[in-house]
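Here the structure is a predicted model, which means the values were calculated and not measured.
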Amino acid sequence: MSSKLLRVYPSELKIPYEVKKQRSCFMELTNRTDQYVAFKVKTTNPRKYSVRHACGILLPRSSCNLTVTMQAPMEMLSDHHCKDKFLVQSVVVRDGATMKDFLPELFVKAPGRVIGEFKLRVVYIAANPPSPVPEEEEEEDSSPRSEVIGCEEKRSLVFNATPTYIRASGEEPSCAEVTPVKSRMDEEKECAIAVEEKLKLQYKMELLEETRSSQQQEGFSLMFVVLVFMSSVFIGHLMNDIKV
């Protein structure tokens, strides 16, 4: 999995194979030295694959991640055997080197120049492998009784909100602790009833006030009529005395 200059992980590129869908995998390069190291990634099938950051310069003891993307295949494979391969080349460069110093000639063999090479093969894997499910779990999930028990357990957790620490400690809870908590529906129903009773009481008070007001008005009008009648009688007697 490693060369003298770089550590390459993983040792093979596992790419999900799915018709008409582009898939990717990742590769990690780690500089194992205290020097600056330039790298370049090549493939035997450049039309089929693309590599993000196919070349670069790694600082001492640093790492980088590369993304290898396979173009969307147009047909299914009879098997998942693949002959494609990748090659990671590495070479030591001067301290403080940047991409301006990156030249293709760095990876040409020359006297005194050591070029590290690491080969990776491509392995196709199923895009969506089915998750194995134990037979016992399937039987329990498919039985009607298990569904009923699950529903009852959920309902008891919602309406009987017993604190967790009481069950964990094994102590007997007090009466206040085991009192069922009212559901939101019950609280809203009680609130609506209280509001309705308040409105009824307010309506009765207003009706009583109107009745009292009407009674006062009727009493006032009756008294006014009596006063007018008495005044007219008094004026009549007074006029008769003047004529006499």
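Between the OG atom of Ser11 and the CG atom of Leu120 there is a distance of 7.0 Å, given to the nearest 0.5 Å. Between the OG atom of Ser24 and the CG atom of Leu13 there is a distance of 11.0 Å, given to the nearest 0.5 Å. A distance of 4.5 Å separates CG of Leu66 from CG of Leu29, quoted to the nearest 0.5 Å. Distance check: Leu6 CG to Ser63 OG gives 9.5 Å after rounding to the nearest 0.5 Å. With rounding to the nearest 0.5 Å, the separation of OG1 in Thr33 from CZ in Arg7 is 15.0 Å. Atom CG of Asn45 is separated from atom CG of Asp84 by 4.5 Å, given to the nearest 0.5 angstrom.
A continuous path of hydrophobic side-chain contacts links Val8 to Val37 [ILVMFWY only; heavy atoms under 4.5 Å]. By the rule that hydrophobic residues join a cluster once side-chain heavy atoms approach within less than 4.5 Å of another member, Val88 and Met70 end up as members of one cluster.
Among pairs with a residue in residues 16-52, those fulfilling ring-ring contact (aromatic ring centres under 6.0 Å, His included) read Tyr17-Tyr124, Tyr49-Phe86, at least two apart in sequence or across chains. Under the salt bridge (charged side-chain N to carboxylate O under 4.0 Å, His left out) criterion, the residue pairs touching residues 114-126 are Glu12-Arg121, with sequence neighbours excluded.
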Let me see the working for Ile15 and Val122 under side chain to side chain contact (heavy atoms under 4.5 Å, CB included), right down to the final yes or no.
CA-CA 7 Å; Ile15 303 179; Val122 177; 4.0 Å; yes

Would you check, one step at a time, whether the test side chain to side chain contact (heavy atoms under 4.5 Å, CB included) holds for Val68 with Met27?
CA-CA 7 Å; Val68 179; Met27 183 194 310; 4.1 Å; yes

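Counting non-hydrogen atoms of other residues, nucleotides and ligands closer than 6.0 Å to CZ of Arg52 gives a total of 12 or fewer.
With a 4.5 Å cut-off on side-chain heavy atoms, Ile115 and Lys109 count as touching. Taking the side chain as every heavy atom from C-beta outward, Ile125 and Lys14 approach each other to under 4.5 Å. Counting heavy atoms from C-beta on, the side chains of Val41 and Leu87 never come closer than 4.5 Å. Annotation: side chain of Leu59 is not in contact with side chain of Asn31 (no heavy-atom distance under 4.5 Å). When side chains are defined from C-beta on, Val123 does not count as touching Cys82, because their heavy atoms never get closer than 4.5 Å.
Using a distance-only test at 3.5 Å, with no hydrogens or angles considered, a donor-acceptor pair links the side chain of Arg61 to the main chain of Arg32. Judged by distance alone, with hydrogens and angles left aside, the side-chain atoms of Arg113 form a donor-acceptor pair with the main-chain N or O of Val108 at under 3.5 Å. Side chain of Thr44 to backbone of Lys85: a donor-acceptor contact under 3.5 angstrom is found.
For the pair Gly116 and Leu5, the tightest heavy-atom approach, listed with the atom from each and the gap, is N-CD1, 4.4 Å.
With respect to Gln71, the side chain to side chain donor-acceptor pair (under 3.5 Å) criterion is satisfied by exactly one of Lys48, Gln22, Arg47: Gln22.
A centroid separation of less than 6.0 Å is found between the aromatic rings of Phe102 and Phe107.
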Show every donor-acceptor pair shorter than 3.5 Å between a side-chain atom in residues 92-100 and any protein atom, with sequence neighbours excluded, or say none if there are none.
residue	atom	partner	partner atom	Å
Arg94	NH2	Asp101	OD2	2.8
Thr98	OG1	Lys100	N	3.4

